[in-house]
Structures are given as C-alpha cells and as structure tokens.
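The structure appears below as structure tokens.
Below, all heavy atoms of this structure are taken into account, side chains as well, without hydrogens, waters or symmetry copies. We're numbering straight along the sequence, starting at 1.
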Amino acid sequence: MTLRREAFLDQVKERGEYDSAEEAERAARVVLALLGAHLVGDVRAQLAARLPEAFALILLNPLQSAEPLSPERFVRATAAWIEGATEQTAAWDVSAVLSTVADSAGEELLGRILLQLPVGYDLLFGRPQHS
C-alpha cells in the first residue's frame, strides 16, 4: 500500500527529530536519490510503488553511481549532498529516511532490497540481520 506524502514525511520528521517538514523532505530526497542508484529492476519498481509519488519518482530517477557504495560511503555521500551536513548528521538523516522506507517496504521486500546492497545496509535501515 502506498503511503501518503504527508504521512511519510511525518514519520521521517519524527524519526529525524527535524524542526520542519522541509528538513525531512530534503533528507528524504537525497537519501532516496542515492538509494535508487543502488537498486535495480523489479525491486526498485516495487519499492517505488510503496512510496508517495514524488519520492517514487526520485527513487526511479536516481543519481548515478559507478559502483555500490559501502554503508559508510553512502553516509558520506549523503553528507556531501545536504548543505551544512556532517557525517554525524547525515547518519541521522539516513537512519530517519531508511527506517521509514523499511516500514513502507515490509519485511519480504526489504529482504530483497538488502540482497542488492553491500553488507551493512541492514543497520542503516534499522533492521539488523542476524546471520
């Protein structure tokens, strides 16, 4: 089921403890653009179908990435794209957005998403995987 834009942003805002919906939206746009560069095919399309339309379009038209970023590099890339961000604040941004994405995706799709990502992204989504 697709989450409404306001509900999605409210969750990101609450988890990121942002002062405004604009801050939450900025973080969501950057993180989803970077995430979209790492997902392919049906998995990306299915995730997009569960996100509000504006965010689905960002996921489907991602930033380009020559190679999958490690979780640490993903956070650094997020910091680079958000004005005034540090690695610490970017880690907070990534966590707020990706934990909301994980809730939207559901466990089955999230498992398929994590299969496409380098090891360690489970922590960024707030869903530690136990081997």
Side-chain angles (χ1 to χ4, degrees):
M1 183 175 144
T2 303
L3 199 59
R4 284 185 20 259
R5 181 178 185 279
E6 294 79 19
F8 182 85
L9 284 176
D10 284 348
Q11 286 182 20
V12 172
K13 182 180 174 196
E14 180 180 323
R15 291 173 187 188
E17 299 180 8
Y18 298 109
D19 292 329
S20 69
E22 291 76 24
E23 287 180 276
E25 183 169 353
R26 181 183 64 194
R29 288 179 174 280
V30 170
V31 171
L32 289 171
L34 287 166
L35 180 63
H38 289 71
L39 301 178
V40 296
D42 200 37
V43 169
R44 185 166 63 185
Q46 285 183 21
L47 179 57
R50 297 181 189 192
L51 297 175
E53 183 179 6
F55 297 115
L57 292 172
I58 292 166
L59 186 75
L60 294 171
N61 296 295
L63 297 168
Q64 296 303 307
S65 179
E67 63 186 36
L69 299 175
S70 69
E72 297 80 16
R73 288 181 62 212
F74 189 93
V75 170
R76 283 198 300 273
T78 300
W81 280 96
I82 296 177
E83 185 178 334
T86 65
E87 282 189 42
Q88 291 76 24
T89 62
W92 193 262
D93 295 329
V94 168
S95 175
V97 175
L98 292 185
S99 66
T100 303
V101 167
D103 288 349
S104 299
E107 292 304 314
E108 189 274 330
L109 179 55
L110 180 60
R112 292 177 40 223
I113 290 168
L114 290 172
L115 288 174
Q116 290 191 6
L117 298 170
V119 172
Y121 273 79
D122 56 332
L123 299 176
L124 295 182
F125 279 94
R127 302 296 198 284
Q129 304 291 305
H130 305 287
S131 308

Subject >> Shortest non-hydrogen separation from Pro68 to Pro118 and the atoms involved >> reply: CB-CG, 3.8 Å
Original post:
Any sub-3.5 Å donor-acceptor pair from Ser95's side-chain atoms to Trp92's backbone N or O?
Top reply: no
Subject >> Closest approach of Leu110 to Ala105 (non-hydrogen atoms, all atoms of both residues) >> reply: N-CB, 4.2 Å
**OP:** Quick one: closest heavy-atom pair of Leu59 and Ala48, and the distance?
**Re:** CD2-N, 3.6 Å
Subject >> Electrostatic pair Arg29:Glu25 at N-O distance under 4.0 angstrom >> reply: yes
**OP:** List the steps and the verdict of side-chain contact (heavy atoms from CB on, under 4.5 Å) for Asp93 and Tyr18.
**Re:** CA-CA 9 Å; Asp93 295 329; Tyr18 298 109; 2.4 Å; yes
**OP:** Check the pair Ser99 / Arg15 against side chain to side chain donor-acceptor pair (under 3.5 Å), numbers first and verdict last.
**Re:** CA-CA 8 Å; Ser99 66; Arg15 291 173 187 188; 3.2 Å; yes
**OP:** Examine Val43 and Leu60 and state if one hydrophobic cluster contains both, with Ile, Leu, Val, Met, Phe, Trp and Tyr joined whenever side-chain heavy atoms are less than 4.5 Å apart.
**Re:** no
Original post:
Taking the side chain from Glu23 and the backbone from Asp19, do they hold a donor-acceptor pair closer than 3.5 Å?
Top reply: yes
Donor-acceptor list for residues 30-40 side chains, cut-off 3.5 Å, not counting sequence neighbours:
from: His38; atom 1: ND1; to: Leu34; atom 2: O; distance (Å): 2.9
from: His38; atom 1: NE2; to: Leu69; atom 2: N; distance (Å): 2.8

Original post:
Do Arg5 and Glu53 sit within salt-bridge range, that is, some charged N less than 4.0 Å from a carboxylate O?
Top reply: no
**OP:** Name all residues meeting the side-chain hydrogen bond (donor to acceptor under 3.5 Å, both in side chains) criterion together with Glu6; count only those two or more places apart in sequence or in a different chain, and write none if there are none.
**Re:** none
Subject >> Note: Glu107-Arg127 ion pair, threshold 4.0 Å (strictly below) >> reply: yes
**OP:** Give the minimum heavy-atom separation between Ile82 and Ala27, together with the two atoms involved.
**Re:** CD1-CA, 4.1 Å
**OP:** Measure the shortest side-chain to side-chain distance between Val97 and Thr100 over non-hydrogen atoms and say whether it is less than 4.5 angstrom.
**Re:** no
Subject >> Euclidean distance, Arg50 CZ relative to Leu109 CG, rounded to 0.5 Å >> reply: 4.5 Å
Subject >> Under 3.5 Å side-chain donor-acceptor pair for Arg112 and Gln46 >> reply: yes
Subject >> Gap between atom CG of Leu98 and atom OG1 of Thr78 - 0.5 Å precision >> reply: 8.0 Å
**OP:** Of all the heavy-atom pairs spanning Ala21 and Lys13, show the shortest one and how long it is.
**Re:** N-CD, 4.0 Å
Original post:
Side chains of Ile113 and Tyr121: does their closest heavy-atom pair fall under 4.5 Å?
Top reply: no
**OP:** Assess whether atom CD of Gln116 is packed by more than 12 heavy atoms of other residues, nucleotides or ligands within 6.0 Å.
**Re:** yes
Subject >> Shortest non-hydrogen separation from Gly120 to Pro71 and the atoms involved >> reply: C-CG, 3.5 Å
Original post:
Should the ring pair Phe55 and Phe8 be called parallel, tilted or perpendicular, given that the plane angle runs from 0 to 90° and is split at 30 and 60?
Top reply: tilted
